[in-house]
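Excluded from the calculations below are hydrogen atoms, water molecules and symmetry mates; all remaining heavy atoms, backbone and side chain alike, are included.
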Amino acid sequence: MTTQSELQTRYNDINRGVYFIGTTPPKSDTPLDKVSEIAEKLLDRVSDIDFDGLIVYDIQDENSRISKPRPFPFKSTHDTRLYSSLLNKKSNHPVITYKSVAQSNSDDFDQWANEAWEKYGVKDVVLVGSPSKDNEISLPLADAYKTLVDNQHDFFIGGVTIAERHASKKDEHQRLIAKHQQGCSFFISQAIYNPQATIDLLTRYAIECQKQDVKPQRLILTFSPCGSKKTLEFIEWLGVNVPEATSLRILNADNPLHESIQNCVKSLQQILEAIQPYDLPLGLNIESLTNRKEEIDGSILLYKLLRSKMDNFLAKKELAALSKS
């Protein structure tokens, strides 16, 4: 067994993107043999695309975060480590495992981490804090990072970044720098439907890194297609800002899924054009927020479109650098 994450070595090359497929573990009442089948089905669906790894989310209830009822009822899922381990073995690709830490204590979390590494082969972890500041928090996020950094195993640690939080508090770039100092080597955004909020955050982060002479960490931009009013409600319930015009265009389109895919492609184009002057290492994560077949197929098409756009952007940057050398 290697003593370091495979992703760690890939992340070092600023000129290449890193590309992920995001998914959730099956519901906890799913029999284990069926869980294995679901993993195989997912990998079969993505077998014709070239990706660097998968991301497995830790689904929490989050009712404390918002008073609106959840559009899709919450159901607990299988252990993220178990599903990550299955996907890793079946795909031979690295898997980033999300872990919600608010309800743990330091010792429990340390045990979780040791089991993650030793029993499940989990080396790449993204920690998530409490969905609401009103919740009772047993383990603050900063303490969880410290526990993982101090752990005997060499975890590759990531964090979450939320452009919407930057839009309201104007300090997300400072959070990114602080989280890096606490041990984070990459950040994954929540789904992007408002490109301007992401442009503001990335620009501010790039300039702040230049000012402080800090190396920017890898930023993985998440996109998720939307094929129905219910999915759009869920996206907004999750805290994603969907501008009114975007929402109206999707809901009134003859084919909402097609419209949302077009919107995601335009959003990435806008973001890449805006941050072109800065050397930010980037990545993409494409997820389907529902298990509807058309939205899962739509996410795979979206992956192909966005990856080609990102690869093209990075190749042009390399070419421009070559002409200056």
Q | Modelled atom types, side-chain donor and acceptor of Ser36 and Lys90, under 3.5 Å | A | yes
Q: Would you tell me whether Tyr120 and Asn88 have side-chain atoms, one donor and one acceptor, within less than 3.5 Å of each other?
A: no
Q | Main-chain N/O of Arg249 paired with Glu259 side-chain donor or acceptor, under 3.5 Å | A | no
Q) Are the side chain of Arg307 and the backbone of Asp50 linked by a donor-acceptor contact shorter than 3.5 Å? A) yes
Q. Any donor-acceptor pair under 3.5 Å linking the side chain of Ser189 with the backbone of Thr222?
A. yes
(Q) What I want to check is whether the side chains of Thr161 and Glu172 have a donor and an acceptor closer together than 3.5 Å. (A) yes
Q | Of Leu141, Val160, Thr147, the residue whose pairing with Leu127 passes side-chain contact (heavy atoms from CB on, under 4.5 Å) | A | Leu141
Q. Does a side-chain heavy-atom distance below 4.5 Å link Asp52 with His93?
A. no
Q | side-chain contact (heavy atoms from CB on, under 4.5 Å) partner of His166, the single match among His173, Arg175, Gln174 | A | His173
**Q.** pair Leu176-Gln217: side-chain heavy atoms closer than 4.5 Å
**A.** no
(Q) Does Tyr278 form a ring-ring contact (aromatic ring centres under 6.0 Å, His included) with Tyr205? I'd like the steps, not just the answer. (A) CA-CA 10 Å; Tyr278 309 107; Tyr205 177 59; over 10 Å; no
(Q) Quick one about Asp200 and Gln196 (side-chain donor to acceptor, distance below 3.5 Å, no hydrogens or angles considered), yes or no? (A) yes
(Q) Checking side-chain contact (heavy atoms from CB on, under 4.5 Å) between Asn194 and each of Asn241, Val242, Ile199, which is the one that passes? (A) Asn241
Q.
Under a plain distance cut-off of 3.5 Å, with no hydrogens placed, do Asp58 and Thr80 share a side-chain donor-acceptor pair?
A. no
Q: Could you tell me whether the side chain of Asn252 and the main chain of Leu248 form a donor-acceptor pair under 3.5 Å?
A: yes
Q) Counting distance only, does the side-chain N/O of His78 pair as donor-acceptor with the main-chain N or O of Tyr83 below 3.5 Å? A) no
Q) Using 4.0 Å as the upper bound for N to carboxylate O, is an ion pair formed by Arg81 and Asp79? A) yes
Q. Can you find a pair of side-chain heavy atoms, one from Leu219 and one from Leu280, that are under 4.5 Å apart?
A. yes
Q: Compute whether any side-chain donor of one residue and acceptor of the other, for Gln152 and Asn114, lie under 3.5 angstrom apart.
A: yes
